[in-house]
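Notes follow once the structure below has been shown.
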Amino acid sequence: EVSARLRKDLLRGLGKHSHHKAPVKMLPTFVRATPDGTEKGDFLALDLGGTNFRVLHVRVEEEAQKVLKMDSQICAIPQEMMLGTGEQLFDHIATCLGDFLESHNLKGQTLPLGFTFSFPCEQLEIDKSILIRWTKGFNCSGVEGKDVVQLLKEAIHRRGDYHIGSVAMVNDTVGTMMSCGYKDQSCEIGMIIGTGTNACYMEEIKNVKRIEGEDGRMCINTEWGGFGDDGCLDDILTEFDVEVDKTSINPGL
Ligand SMILES: *[C@@H]1O[C@H](CO)[C@@H](O)[C@H](O)[C@H]1NC(C)=O
Ligand SMILES: *[C@@H]1O[C@H](CO)[C@@H](O)[C@H](O)[C@H]1NC(C)=O
């Protein structure tokens, strides 16, 4: 019964006229393929979602079909910066990335970068994502309603001492799917079970009614943590579920 209801909500989220009100949002990610194992080279990753952010350098090799190298560094974001201007925040990120490139002798290269930005965003392209609102104690001015990829690029441009290649916004579920897909090309689902839960999977574009075009496939970020937010599971909640929900800081969600 639960899987039948989930299936119904997944379809509602994909529908042209139903997705606006759907509790399971089925967000397009603009990722159109999983890795085929021929990828190689050096890549950067930025992971911002809390009071720390991570910078990573990853090297993958075609023949070995594996990650050869992964270096990372963590930079703290001071409290006052979480409440300062967006320019200060992105300048700080660009500085930490610059220091990392410097210390790993990568400053002369122009590497593609994957950007994981764990705040509610409306993604419009693979490299265009608008911050809807800050959460988790952040409140930097001049960022809500703006494209965070653009803000990152502008901060790097202000420094002018290094360049980055193409940027891809990657949700954590999508990153999870892609990283396994590299080893096993039949991997087409990413799932997170942590403080919350979410999943993504590869879908035929013809089934994603809000995306133009019929051909090919796209990874869909289900945001299935929202399943039941409209009360559709209320009749099967136990007294324990009700109690846990009532005493949580986000009752109803
Ligand atoms: C994944 O995408 C959703 C919707 O845009 C967002 O709320 C969430 O913070 C994202 N997570 C990460 C890790 O980027
Ligand atoms: C966040 O910052 C804006 C100004 O940029 C301010 O109006 C608002 O009150 C702040 N919100 C919180 C919760 O501090």
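By convention here, the first residue in the shown sequence is residue 1. Whatever order the structure lists ligands and atoms in, that order sets their numbers, starting from 1.
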* From M218 atom CE to I205 atom CD1, the distance as rounded to the nearest 0.5 Å ->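 Between atom CE of M218 and atom CD1 of I205 there are 4.5 Å.
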* Gap between atom CZ of F53 and atom CG of D47 - 0.5 Å precision ->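 Separation between the atoms: 10.0 Å.
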* Any idea which residues sit under 4.0 Å from ligand 2, heavy-atom distances? ->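 Residues N139, S141 each place a heavy atom under 4.0 Å from ligand 2, listed by chain and number.
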* Using a strict 4.0 Å threshold on nitrogen-to-oxygen distance, state whether D229 and K25 make a salt bridge. =>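 Salt bridge absent between D229 and K25.
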Backbone N/O of [Y] and side chain of [X]: donor-acceptor pair under 3.5 Å:
X	Y	answer
S179	G175	yes
D147	S129	yes
K128	V149	no

* Region of E223 that comes within reach of ligand 1 [heavy atoms, distance under 4.0 Å] ->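 The answer is the side chain.
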* Which bit of N198 is near ligand 1, meaning a heavy atom under 4.0 Å away: side chain, backbone, both or neither? ->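 Under 4.0 Å from ligand 1, N198 contributes no heavy atoms.
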* **Partners passing side-chain contact (heavy atoms from CB on, under 4.5 Å) against D161 (at least two apart in sequence or in another chain)** =>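 Scan of D161 (side-chain contact (heavy atoms from CB on, under 4.5 Å), adjacent residues dropped) gives K107, R159.
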Atoms of ligand 1, numbered as shown, that sit under 4.0 Å from any heavy atom of [X]:
X	result
T116	13 (C), 14 (O)
P120	7 (O)
F117	14 (O)
N171	1 (C), 2 (O), 3 (C), 8 (C), 10 (C), 11 (N), 12 (C), 14 (O)

* Does a side-chain heavy-atom distance below 4.5 Å link I236 with E1? ->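 They are not in side-chain contact.
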* Asked: Considering distance alone, does some N or O of L27 sit under 3.5 Å from an N or O of ligand 1?
  ->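 Between L27 and ligand 1, no N or O pair is found under 3.5 Å apart.
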* To do: May I ask you to check if ligand 1 and V170 share an N or O to N or O distance below 3.5 Å?
  =>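 No; every N/O pair is 3.5 Å or more apart.
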* Residue list, ring-ring contact (aromatic ring centres under 6.0 Å, His included) with F227, at least two apart or on another chain ->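 Per chain and number, F227 pairs via ring-ring contact (aromatic ring centres under 6.0 Å, His included) with no residue.
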* Asked: G49: heavy atom below 4.0 Å from ligand 1, yes or no?
  ->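 No.
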* Under the side chain to side chain donor-acceptor pair (under 3.5 Å) test, which residues partner D172, sequence neighbours left out? ->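 For D172, no residue satisfies side chain to side chain donor-acceptor pair (under 3.5 Å) once neighbours in sequence are set aside.
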